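Comments concern the structure below.
Residues: numbered from 1 along the sequence shown. Given the structure is predicted, the values throughout are model-derived calculations rather than measurements. Note: hydrogens, waters and symmetry copies are ignored here, and every other heavy atom, side chains too, is used.
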Amino acid sequence: MRAWEEMDERFERFMQKYESPLPEWLQKIERQAEEDEVPIIRRSTQRYLAFLLGIIRPGRILEIGSAVGFSALLMANFDPSLEELVTIENYEPRIVQAKENFSNSPFSDKITFLTGDASKLISTLEGRFDLVFIDAAKGQYPEYLKLVRPLMTSGGVILADNILQDGFLLMPKEALCRRNRTIHKRVREYLDMVCRDDQYITDVLPVGDGLAMTRIL
Ligand SMILES: C[S@@+](CC[C@H](N)C(=O)[O-])C[C@H]1O[C@@H](n2cnc3c(N)ncnc32)[C@H](O)[C@@H]1O
């Protein structure tokens, strides 16, 4: 596991020499999040999303887990066809920060920010989504999938972040503490749901903390 982490860090340092800088206003949000220790998508996930969004060009995006709005704004910035991005957050201190970041951004008219528990809010959403980005409570991923599936367009894409759980997913469950065992179980359950069902095609990329990409067939 250690060799893998070292390789990952070396690869990240190497790639940072080649990456195109984000717009200054987005870099500022990233810096602030790092300073405040808010967990946001890692650099390799940022690069991958920037690339993918330009290809799939989703009209409507749903994000579960906004934190301070960084990934929502990054997706908005790299989606040339964006009509609306709905994003959900339930933690008050981050809600305040996200509201400010959204309203100061060039995408304030395209972002719908919903505050509260995603498990309750998703079922109140109307219309269809072309892309769903799941990045909230890892133990809830199977539930989020059940809730978002009826809202997806045919051919729509679901991305689930932190699938590898810093490598814990690959370890035998006996080697984990009780809390990690529960998350381990739920993340595997999520993978079973998206990998063993004919309505989906799925792969997991070792990008960032592991990104499961699922397309609705
Ligand atoms: C990893 S952070 C999201 C980071 C963000 N996507 C980014 O990269 O900029 C996960 C967020 O999900 C939120 N969250 C966790 N459970 C939630 C729930 N049930 N409903 C809404 N938000 C939730 C947490 O408060 C946290 O801010």
Side-chain angles (χ1 to χ4, degrees), residues 39-41 45-46 48-49 52-53 55-67 69-76 78-79 81-91 94-95 98 102 107 110-165 169 182-205 207-217:
I40 59 169
I41 49 168
T45 313
Q46 297 177 25
Y48 184 69
L49 283 181
L52 188 71
L53 271 281
I55 297 175
I56 60 178
R57 308 167 76 101
R60 284 189 88 218
I61 300 178
L62 169 63
E63 177 184 64
I64 309 173
S66 338
F70 177 74
S71 54
L73 288 166
L74 180 129
M75 290 192 281
F78 287 102
D79 180 358
S81 305
L82 184 67
E83 289 154 26
E84 185 188 19
L85 187 152
V86 179
T87 181
I88 308 176
E89 175 58 48
N90 70 347
Y91 183 47
R94 291 185 187 156
I95 290 173
F102 292 144
F107 301 101
K110 294 199 171 165
I111 291 179
T112 305
F113 185 35
L114 303 180
T115 58
D117 183 2
S119 306
K120 296 203 179 93
L121 290 169
I122 295 169
S123 51
T124 68
L125 296 173
E126 287 179 359
R128 301 265 165 172
F129 293 90
D130 307 297
L131 176 77
V132 174
F133 182 53
I134 305 179
D135 191 19
K138 312 310 159 199
Q140 302 293 313
Y141 279 22
E143 191 194 348
Y144 295 149
L145 178 68
K146 285 183 203 149
L147 291 167
V148 299
R149 175 62 189 92
L151 303 174
M152 300 293 303
T153 49
S154 154
V157 171
I158 303 172
L159 300 173
D161 198 22
N162 303 106
I163 286 293
L164 294 177
Q165 291 287 298
L169 188 77
T182 308
I183 295 177
H184 190 270
K185 185 168 164 254
R186 295 278 167 74
V187 172
R188 284 189 179 220
E189 198 181 318
Y190 177 85
L191 285 178
D192 279 341
M193 288 164 76
V194 288
C195 295
R196 301 195 202 287
D197 186 325
D198 290 349
Q199 64 176 309
Y200 302 122
I201 181 161
T202 296
D203 197 11
V204 177
L205 297 182
V207 164
D209 191 21
L211 190 68
M213 310 181 298
T214 298
R215 189 159 58 84
I216 316 288
L217 295 175

Check Leu131, Ile134, Leu205, Thr214 against Leu159 for a side-chain contact (heavy atoms from CB on, under 4.5 Å) and give me the one that passes.
-> Leu131
Apply the side-chain contact (heavy atoms from CB on, under 4.5 Å) test between Ile61 and each candidate in Thr87, Val132, Leu53; give the one that qualifies.
-> Leu53
Quick one: [atom1] on [X] to [atom2] on [Y], what's the gap to the nearest 0.5 Å?
| X | Y | atom1 | atom2 | answer |
| --- | --- | --- | --- | --- |
| Met213 | Leu52 | CE | CG | 7.5 Å |
| Glu84 | Thr112 | CD | OG1 | 3.5 Å |
| Leu49 | Asp161 | CG | CG | 8.0 Å |
| Leu145 | Met152 | CG | CE | 9.5 Å |
| Ser154 | Asp130 | OG | CG | 10.5 Å |
| Phe133 | Ser66 | CZ | OG | 11.0 Å |

If you compare all heavy atoms of [X] against all heavy atoms of [Y], which two are closest, and at what distance to 0.1 Å?
| X | Y | result |
| --- | --- | --- |
| Leu147 | Pro150 | O-CD, 3.3 Å |
| Thr202 | Cys195 | CG2-SG, 3.9 Å |
| Ala136 | Tyr144 | CB-OH, 3.7 Å |
| Ile163 | Ala212 | CG1-CB, 3.6 Å |
| Asn162 | Gln165 | O-NE2, 2.9 Å |
| Gly127 | Arg60 | C-NH1, 3.3 Å |

Under 3.5 Å, is there a donor-acceptor pair between the side chain of [X] and the main chain of [Y]?
| X | Y | answer |
| --- | --- | --- |
| Arg215 | Ile201 | no |
| Arg94 | Ala67 | no |
| Thr153 | Phe129 | yes |
| Asp209 | Leu164 | no |

What pairs of residues pass the salt bridge (Lys or Arg N to Asp or Glu O under 4.0 Å) test when at least one of them lies in residues 137-158, not counting sequence neighbours?
-> Asp135-Lys138
Show your reasoning for whether side chain to side chain contact (heavy atoms under 4.5 Å, CB included) applies to Ile111 and Leu73.
-> CA-CA 9 Å; Ile111 291 179; Leu73 288 166; 3.6 Å; yes
Sorted by chain and number, sequence neighbours left out, ring pair (Phe, Tyr, Trp, His ring centres under 6.0 Å) with Tyr190 holds for Tyr141
Would you call [X] and [Y] a side-chain contact if the rule is heavy atoms closer than 4.5 Å?
| X | Y | result |
| --- | --- | --- |
| Ile216 | Tyr200 | yes |
| Tyr48 | Leu211 | yes |
| Val157 | Pro58 | no |
| Leu74 | Ile40 | no |

Chi angles and distances behind the side chain to side chain contact (heavy atoms under 4.5 Å, CB included) call for Ile64, Val148 | CA-CA 10 Å; Ile64 309 173; Val148 299; 4.0 Å; yes
With side chain to side chain contact (heavy atoms under 4.5 Å, CB included) as the test, would you mind laying out the steps for Arg186 and Glu189 before giving the verdict?
-> CA-CA 5 Å; Arg186 295 278 167 74; Glu189 198 181 318; 3.9 Å; yes
Mind checking what makes side chain to side chain contact (heavy atoms under 4.5 Å, CB included) contact with Ile95, not counting sequence neighbours?
-> Glu89, Glu92, Lys99, Phe113, Thr115
